[in-house]
Structures are given as structure tokens and as C-alpha cells.
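Reading through the C-alpha cells given below for one structure.
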Amino acid sequence: MTDSIYPCLESIGGQKFPLGRRLATLGSDPDCQVRVEDPTLRPQHAFLVFQMGNWTLRRLEAGVVLKLDGHNVLEEVRLVHGAKILAGKTEFVFLEKEPESVPATGPVDRKGTPLSDLVDGVAGLLRERDPGKVVLDIVVAAARLLECDGVRVLHRGVGEGLWRTLASCPAGAPSSRFSSSALRQAEEAGRSVLLGDQDLTRLPSGESVQLNGIRSILCAPLSLPDGEEGFLYADRLSGHPSFLVTDLVLFESLRSLFSEIAGQIAHRENQRKAIENLQDDASRKAGSASILHESSQMESILHETARVAMSEVPVHVHGETGTGKELLARFVHDSSRRKDAAFVAINCGAIPENLMESELFGHEKGAFTGAGARKEGWIEKANGGTLFLDELGELPLGLQVKLLRVLQQGELVRVGGSEPIRVDFRLVTATNRNLKDEVAAGRFRADLYYRVAVVPITLPPLRERGRDVILLAAHFCRRFSVQYGLAERTLSRAAEKAILAHPWPGNVRELENVVQKAVILGESDRIRPKDLGLDTNEDELPSTPADLDSSTSLYAIRDRAEAEAIRETLAKALGNVSLTARILEVDRKVLIRTMERLSIRPEEFK
């Protein structure tokens with residue numbers, strides 16, 4: 001949500017320099033964030049800084065040419081949207097929003113107040129169907145109204161372990177710039193809290209507060225649907241006055257607004273995921289066809305995996321990053337007797353080491369500072385189903401011992417607890433490291449290795465899977481075309497040749513990202529090599545059979561799988577479309593359009 005290029009400086013030539021971080025230098029030095037080849041510019045000519053809700057401009061040396069709207073900049077000056085900056089002989093325009101918000105003719109309107117900016121943002125929210133497109137404008141307005149150095153809207157969905165930023169001001173502020181202690185205090189209070197100098201000095205060393213020089217914090221929990229979590233967070237840095245009680249009152253009012261915005265964004269995201277889940281679930285009903293392939297190597301791997309899936313033995317998947325290890329783990333789960341129970345996936349490399357034990361094993365109330373309630377760990381949540389531990393090699397040695405105990409005895413003890421809890425789950429693990437080498441180096445326990453790698457499976461890199469790469473690229477073309485409401489994009493013959501010639505060091509994940517960008521930014525419905533960033537001389541590319549058309553068979557497979565899933569569910573729901581949509585977790589209108597495309601009549605099932 002925070003990848004906007006605004007605010008930015010735009011040169012007269014049209015080049016944009018995003019001001020993502022709190023401070024940006026302007027000059028001719030290569031290290032400057034705003035670097036211009038202009039002999040009249042000093043290496044470090046001026047700099048821009050975000051503070052107390054506004055961007056300001058300062059010169060770095062006396063005597064340099066620096067003007068704002070025709071006036072010499074002698075001291076620090078505040079920037080407003082549309083302001084013109086002259087540095088040396090180079091002219092810029094300061095843009096805080098989309099460029100069309102700058103009047104085409106006439107003087108720039110400078111009479112906006114922080115409150116009017118906030119009202120304009122809310123009005124934009126009412127006009128715009130997608131709240132994600134205007135949330136940044138509202139965050140900027142809130143930062144100005146509160147006169148703070150940073151504002152952030154945090155969200156965590158059901159089952160998610162890490163926070164994600166829906167919007168922040170400055171837009172590119174480090175993702176770690178918020179205090180976990182402030183979040184916990186606001187959650188326990190159930191309302192907005194104000195932390196001043198004395199409160200912050202009591203926080204543990206190494207907190208974001210010390211690392212970022214934060215002097216004062218406002219933090220509030222957002223009111224979101226069950227299972228969703230969110231916070232509104234603002235701070236002021238050292239050198240600026242602390243927040244006052246009047247700021248806290250205003251912040252509490254903003255909490256309701258941002259609760260509604262975050263709720264709408266989460267609802268849209270959940271709808272998008274529901275559509276994808278319908279497609280994925282339907283594909284899984286086609287068995288191994290859900291893992292797109294035509295290579296004999298993948299066919300052999302899937303055949304072996306299907307045989308192993310019906311047993312209860314642990315499976316270890318090894319392969320390069322991006323080869324689809326989690327997808328294969330899901331295939332094991334969906335092909336097993338536990339397919340109707342939970343599939344819990346954990347990336348051991350994505351959880352901070354100090355939180356990993358609590359996340360995996362859970363904790364009791366009062367087990368540590370901030371543990372305000374009992375929490376089930378991911379292992380406990382996988383009870384009866386499948387636990388997938390990705391990047392298992394990242395698991396610290398101390399936790400390897402505890403995991404081994406769980407596997408041997410079938411029970412765990414929560415952090416801060418004493419009573420053992422019985423658990424029954426199927427374990428699937430994965431890593432891009434060679435665990436035998438890790439064992440030899442003393443970084444992984446040999447006894448745990450032999451326990452988890454009962455059946456080792458190695459996934460080949462994409463470059464060794466032959467024409468599977470074309471199948472996958474065509475699949476991603478169709479998926480992203482549907483997701484973004486675009487006319488269906490297809491691969492040109494030249495694009496197929498370029499895809500086959502590329503080594504894909506990032507494997508399937510790299511291919512997916514490249515195709516997504518091509519679908520969104522491509523200039524026509526036929527994707528060319530340049531759209532993929534593979535603008536290779538076509539004469540140098542290997543030839544492909546003239547009769548190749550992988551998309552036809554792929555689409556037919558998915559259509560059959562979707563039709564089967566919908567018909568089965570309609571039969572159970574006795575033709576009730578609304579109930580069918582709820583069971584499949586998809587929007588009713590999307591289901592109706594899909595049934596029309598597949599010529600499925602609900603009346604036949606009543």
C-alpha cells in the first residue's frame with residue numbers, strides 16, 4: 001500500500017525523485033536522493049526533511065542559488081503541494097499528491113488547512129470505491145493535523161504473524177519504525193494512549209524508540225472485524241515538543257476514521273483472496289494438475305509425492321528459493337487423510353528469533369511482558385492437520401530440541417506453562433539449504449534431521465523443467481488479467497522464446513512477478529519480451545514448435561476443475577446459489593458469472 005512515488009520532486013523534464021524517507025539531499029553528488037547533472041549545483045546543495053507534519057526545504061551552504069516560488073531561501077521554509085523550487089539552474093515542482101491535483105493554469109491554491117486536507121481526503125474516500133487508493137492522502141492529512149514526524153496504519157489479518165503497513169507518512173519510512181511496547185499498551189487499554197519522555201525511558205534498550213530517536217508516541221487499537229487486528233500510530237522525534245492531552249483527544253477521534261478505512265481495505269483484500277481461493281480450490285480438485293507441469297521430471301515427483309501423502313511419515317522438500325515448496329506441501333496435505341483439517345504454514349526465517357518460541361508453542365497469560373492473554377501456538381493450531389515449516393534451517397538450535405521433543409512425545413508445553421498439551425499433526429518441512437551440510441557444520445541437529453527427512457523430495461529449479469515455464473507463464477497471464485479486470489493477456493511467440501531462454505534464478509516466484517508486471521503495464525493484449533523485461537534480440541532466441549499452444553489445455557483443465565467444484569457444492573446446497581457462494585467463500589456475483597461462463601444452471605440441482 002505504500003509504494004506510491006508521492007511525495008516527490010518533479011523536474012521540468014518530467015523526471016520524478018520520490019521523497020520516501022524522512023530526509024532527502026539535493027545536489028550533484030551521486031549519493032544524493034535528488035541528484036541532477038547541473039554544473040551550478042553544489043555536491044550537497046540543499047535538503048528536504050519531513051517534520052511536524054510538513055516537508056521543509058533548507059539550504060546547506062550560504063550563497064547557493066535556492067529559491068522557492070521566486071523568493072530566495074535563506075532559512076528553513078515549508079513546502080506546499082505545487083510549490084516551485086529553483087536549485088542552481090534546475091527547476092522542480094514539489095508534488096505531494098497525484099499530478100492532476102496541481103491546477104493546470106493560474107496560481108497554486110495555498111489556503112488549505114490541515115483540517116480541510118483531512119476533509120478532502122474523506123471526501124475522496126467516499127468517491128473512490130477502492131479505499132487503498134486514497135488512504136495515503138488521509139494519512140498525510142492526519143500527520144499535518146497532528147504535527148507529527150511519522151504516522152503509520154498497521155494491519156494483521158487472521159492467522160498472520162507479522163504486521164503490514166497499509167500506509168505511512170513519510171511513505172518510505174522504515175517498516176521497523178514503530179514501538180511494539182506502545183502497541184501492547186494500547187491493546188491492553190483498549191483506547192488511544194499517549195507515551196511521553198518518562199514512559200519511553202522505561203522501555204527496553206534496542207526498542208524502535210531508541211533506534212529512531214522517538215520522543216513521544218500516540219497509539220490506538222483499531223476496531224476491526226473478529227480476528228483482524230490494526231493500530232493507528234504516530235510519533236514525534238527528539239528536538240520536537242511532546243504530544244499533549246489535546247492531541248490525544250484528537251487522535252482518539254481519528255481512530256474511528258482509520259478503523260473504517262482499514263476495515264474496508266481488509267474487506268477488499270479478503271474478497272480478492274476469496275476469488276483466488278475459489279480458483280485454487282477448484283484447481284486442487286484436478287489432483288496433480290493443480291501443480292502445472294508437463295515435464296517427465298515433475299510428473300515423477302508428483303507421482304512419488306501422491307504415494308507418500310497417504311501415509312503419516314514426515315516429508316522434507318528441498319529446492320531453490322521460489323521453486324514452489326509450499327505448493328508441494330499443500331499438495332501433500334490435500335492428498336492426505338487430513339485434507340479436511342487445518343494446513344498451517346510457517347516461515348521460520350520470517351519470525352524474529354525472540355518471538356519464535358511463543359509463535360510456535362504458544363504462551364500462557366503473564367509468561368512475559370506483554371503476554372496479556374493465553375495464546376495458542378502454530379503447532380497447536382495445526383492439531384489434526386498438517387504443519388508446514390518452511391526454511392527449517394533457520395530454526396535456532398534451542399528450538400530444534402523442543403521441536404524434536406514434540407515429534408517424539410506428541411505433546412508440547414506453552415511458554416510459561418507447565419501442563420503438557422497433546423498434539424497430533426502431520427509434519428512437512430522445506431529448506432533451500434542442504435541440511436546434511438548444516439548437520440556437518442553443527443548448525444542443525446542430526447537427530448532432528450533424521451526425524452523430519454524420512455522422505456526427502458527435491459524440487460528442480462524452473463530452468464530444468466523445460467516447457468513447464470510456458471505453462472506457468474500462461475497461467476499467470478490469465479490469473480492476473482482476471483484479478484485486475486483487464487482484457488485477457490496472452491504471450492506472443494517472441495515472449496515464449498524469451499521466457500525459455502531466460503535462466504530464472506528466482507524460479508517460479510520470479511516468473512510470477514515478471515508476468516504480473518507485464519500484465520499491468522503491457523501496452524497491448526499480446527505480451528512482448530520488452531513487457532517482461534526480457535528485451536532480447538529475437539533472432540538469438542531458440543525456436544519453438546509452431547503448433548505450441550499451452551494456454552488451451554491449461555484453461556480447459558481449470559474450467560473442468562471449477563465446474564466440478566461448483567456442481568458438487570450446488571448439489572449439496574440443493575441449488576441454492578447464495579449458500580453455494582458462502583460454502584465456496586466467493587462473492588455471489590462472481591459465482592453467478594462463473595456459472596454463466598461454464599453453462600451451469602442452478603435449477604438443475606433443486
Side-chain angles (χ1 to χ4, degrees), residues 2 21-23 49-56 76 78 96 112-119 121-122 135-155 163 165-171 173-223 229-262 370:
T2 59
R21 300 273 176 165
R22 182 173 175 263
L23 187 146
V49 63
F50 183 83
Q51 57 181 354
M52 299 291 286
N54 292 286
W55 281 94
T56 59
E76 180 178 293
R78 185 170 73 91
E96 226 174 5
T113 64
L115 184 57
S116 67
D117 287 343
L118 183 64
V119 173
V122 174
V135 63
L136 186 57
D137 289 343
I138 299 177
V139 166
V140 170
R144 185 169 293 132
L145 189 65
L146 291 163
E147 295 185 338
C148 54
D149 295 317
V151 173
R152 187 178 296 270
V153 183
L154 295 163
H155 175 263
W163 293 104
T165 298
L166 296 182
S168 67
C169 181
S175 59
S176 60
R177 185 173 149 183
F178 67 89
S179 168
S180 299
S181 297
L183 266 56
R184 286 195 294 269
Q185 292 189 37
E187 182 178 25
E188 292 172 359
R191 54 176 173 77
S192 300
V193 296
L194 166 59
L195 304 182
D197 285 332
Q198 294 184 352
D199 303 299
L200 299 183
T201 55
R202 291 194 291 267
L203 296 182
S205 60
E207 271 263 7
S208 175
V209 171
Q210 288 83 16
L211 297 176
N212 292 289
I214 296 172
R215 179 178 183 181
S216 184
I217 293 175
L218 290 171
C219 187
L222 300 180
S223 300
E229 298 177 90
F231 286 91
L232 178 62
Y233 178 93
D235 61 34
R236 286 182 183 170
L237 302 182
S238 300
H240 297 155
S242 297
F243 288 116
L244 303 175
V245 175
T246 52
D247 298 313
L248 180 64
V249 174
L250 174 59
F251 194 76
E252 178 69 16
S253 300
L254 291 174
R255 170 190 173 194
S256 300
L257 171 62
F258 281 98
S259 293
E260 181 64 27
I261 295 172

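Note that the coordinates shown come from a computational prediction; the quantities given were computed from them, not determined experimentally.
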Decide yes or no on side chain to side chain contact (heavy atoms under 4.5 Å, CB included) for Trp163 and Ser180, but give the supporting numbers first.
-> CA-CA 10 Å; Trp163 293 104; Ser180 299; over 6 Å; no
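- Looking at heavy atoms from C-beta onward, Arg255 lies in side-chain contact with Ser223 at the 4.5 angstrom threshold.
- With rounding to the nearest 0.5 angstrom, the CG atom of Asp247 is 8.0 Å from the CD atom of Glu147.
- Side-chain contact between Leu257 and Ile138: present, with at least one pair of heavy atoms (C-beta onward) separated by less than 4.5 Å.
- For the pair Leu154 and Thr165, the tightest heavy-atom approach, listed with the atom from each and the gap, is CD2-OG1, 3.8 Å.
- Applying the side chain to side chain donor-acceptor pair (under 3.5 Å) criterion to Arg236, with sequence neighbours excluded, gives no partner residue.
- Of all heavy-atom pairs spanning Phe251 and Leu218, the tightest one is CZ-O, 3.6 Å.
- Ser242 pairs by the side chain to side chain donor-acceptor pair (under 3.5 Å) definition with Arg215, not counting sequence neighbours.
- A heavy-atom distance below 4.5 Å is not found between the side chains of Phe178 and Phe231.
- Judged as a salt bridge (Lys or Arg N to Asp or Glu O under 4.0 Å), and not counting sequence neighbours, the contacts of Glu229 are Arg156.
- Taking the side chain as every heavy atom from C-beta outward, Ser168 and Tyr233 never approach each other to under 4.5 Å.
- Side-chain contact between Ser179 and Ile217: present, with at least one pair of heavy atoms (C-beta onward) separated by less than 4.5 Å.
- To the nearest 0.5 Å, atom CZ of residue Arg152 and atom SG of residue Cys169 are 10.5 Å apart.
- Considering every non-hydrogen atom in both Ala182 and Cys219, the closest pair reads O-SG, 3.8 Å.
- The residue from His240, Arg78, Arg144 that alone fulfils the side chain to side chain contact (heavy atoms under 4.5 Å, CB included) condition with Met52 is His240.
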Let me have the donor-acceptor pairs involving side chains of residues 187-194, under 3.5 Å, with sequence neighbours excluded, atom names and distances please.
unit_1 : atom_1 : unit_2 : atom_2 : d
Ser192 : OG     : Glu252 : OE1    : 2.4

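- Annotation: the span from Ser216 atom OG to Asp199 atom CG amounts to 8.5 Å, rounded to 0.5 Å.
- Considering Val153, Val139, Leu136 in turn, Val153 is the only one that fulfils the side chain to side chain contact (heavy atoms under 4.5 Å, CB included) rule with Leu166.
- Arg22 is listed as a side-chain neighbour of Leu237, based on a closest heavy-atom distance under 4.5 Å.
- Minimum heavy-atom separation, Glu96 to Trp55: OE2-CD1, 3.9 Å.
- Evaluation of the ring-ring contact (aromatic ring centres under 6.0 Å, His included) rule for Phe243 yields no partner, not counting sequence neighbours.
- Within the 4.5 Å cutoff, side-chain heavy atoms of Leu146 are placed close to those of Leu254.
- Take Asp149 and apply the salt bridge (Lys or Arg N to Asp or Glu O under 4.0 Å) test, not counting sequence neighbours, and it matches no residue.
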